[in-house]
Amino acid sequence: MFLSREEERILERGDGYSKCMEILVALGEIFGAEKLIPIKHAHVSGISYQNIGEEGLEWLKGLKVKFSVKTTLNPAGMDLEKWREMGLCEGFVGRQREVLKVFKDMGAELTLTCTPYYVYRPRVGDHLAWAESSAVVYANSVLGAMTNRESGISALASAVVGKTPYYGLHVKENRAPNVLIEVKCDCDVALLGRYVGEVVDGIPIFRFKRRLRESELKALGASLASTGNVAMFHVVDQTPEWKDFDIPRERIVVDGLRDLDLECEPDLIALGCPHLSREEVLNLYEVVKNYDGRVKREFWVFTSRKVYDETIDVIRFLEGKGIKVFRDTCMVVSPATEKFECVMTNSGKALTYLPKLRRVKAVYGDLSRCVSIAFK
Ligand code: F3S
């Protein structure tokens, strides 16, 4: 891979900056990148102390670097203020605060959300280095920005160097769809995404019978990325780049999806994977206001600080119903969900990761089902 003199100098310094450059060069060489290109924004995952542990924290501390571009962070292991309501202990909270301090000292903004696009909206054609598969697929597909599916470490290296290797989805030709998904049913997009993620390799282009709402595009992408390696999709007549390519010949018709069985009795209802948007918080309010009294089971909702502040009146109403609304964290990266037996969620992504990472059973319910079960 071609490196400028300046890039070579960084590589030879023998410090934390060199380590970051080594990571990018290794990645670029594996994938045949010709050079590094500048990025506008890095989004780093692997923030929860539950996931990185003491070893990860020590590695971060040892780097002694500063970020050179705007850098946002994925959710941490707890709500920074309401962690007691989540049932977390002071020991864990202290270690998590230490992780956040290291990132803050490096120059990150403590956004602690997997929806950085509600905080800073990238433009069409912006090059990014984002970790967090649900944000990556959203940026590429819905916003027309360009990012590969980075790991927490490669996104961090890019945040430091301000560059990323030029390969994969940074190259326009590689963004062409390879399979058309004809959706003939009015299927739940979270379940559709899980199915297509399992059977498709590459970039699907969907043809729906109607225009999808923004929240549906988000849910579709998160699900696609959770069961497969999908980092981008197109939607005919809707997403920004679908017209730039030919419609592929290979075609899959979806005219119905098998219902997922309710395999356990939920003791937690959890929404907000990915973090709820303003529109989704308002939708939740519209459903909840039809029920009298308070919820009869634990009901947790996750969103970003920005959306929380923008919808504070609605959130107060939800809290009055017994629903707990958390920021800075999520149902998958926080150890708080481990104390439950069975979580009901409307997220295709959480269905995959709750059993894997938190070792709890997870069952699917759409928004109205989640709310009706909560009041039962
Ligand atoms: Fe976000 Fe956590 Fe889901 S980071 S996409 S809420 S697993």
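Count residues from 1 along the sequence. Whatever order the structure lists ligands and atoms in, that order sets their numbers, starting from 1.
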Cys pair C330, C273: SG separation below 2.5 Å: no
Can you tell me if E132 and W130 form a side-chain donor-acceptor pair at under 3.5 Å? no
Which residue owns the protein heavy atom closest to atom 3 (Fe) of ligand 1, what's the atom, and how far is it? C273 SG, 2.3 Å
Does at least one non-hydrogen atom of S134 fall below 4.0 angstrom from an atom of ligand 1? yes
At under 4.0 Å between heavy atoms, is it the side chain or the backbone of E132 that contacts ligand 1, or both, or neither? side chain
Just to confirm my output: which protein heavy-atom neighbour is closest to atom 1 (Fe) of ligand 1, and how far is it? C114 SG, 2.4 Å
Give the residue, atom name and distance (to 0.1 Å) of the protein heavy atom nearest atom 6 (S) of ligand 1. C330 CB, 3.3 Å
Could you tell me which atoms of ligand 1, counted from 1 in the order shown, lie closer than 4.0 angstrom to a heavy atom of G272? 6 (S)
Any chance you could measure Y353, atom OH, to T227, atom OG1, to the nearest 0.5 Å? 8.5 Å
Inter-residue atom distance L217.CG - L143.CG, 0.5 Å rounding: 10.0 Å
What atoms of ligand 1 come within less than 4.0 Å of a heavy atom belonging to K349? 5 (S), 7 (S)
Output the list of atoms in ligand 1 that are nearer than 4.0 Å to some heavy atom of P75, sorted by atom number. 4 (S)
Donor-acceptor pair, T329 side chain versus A76 backbone, under 3.5 Å? yes
Value for NE2 (H234) from OG (S141), rounded to nearest 0.5 Å, stands at 7.5 Å
Whether S347 lies under 4.0 Å from ligand 1, heavy atom: no
Can any side-chain N or O of E58 pair as donor or acceptor with the backbone N or O of E55 at less than 3.5 Å? no
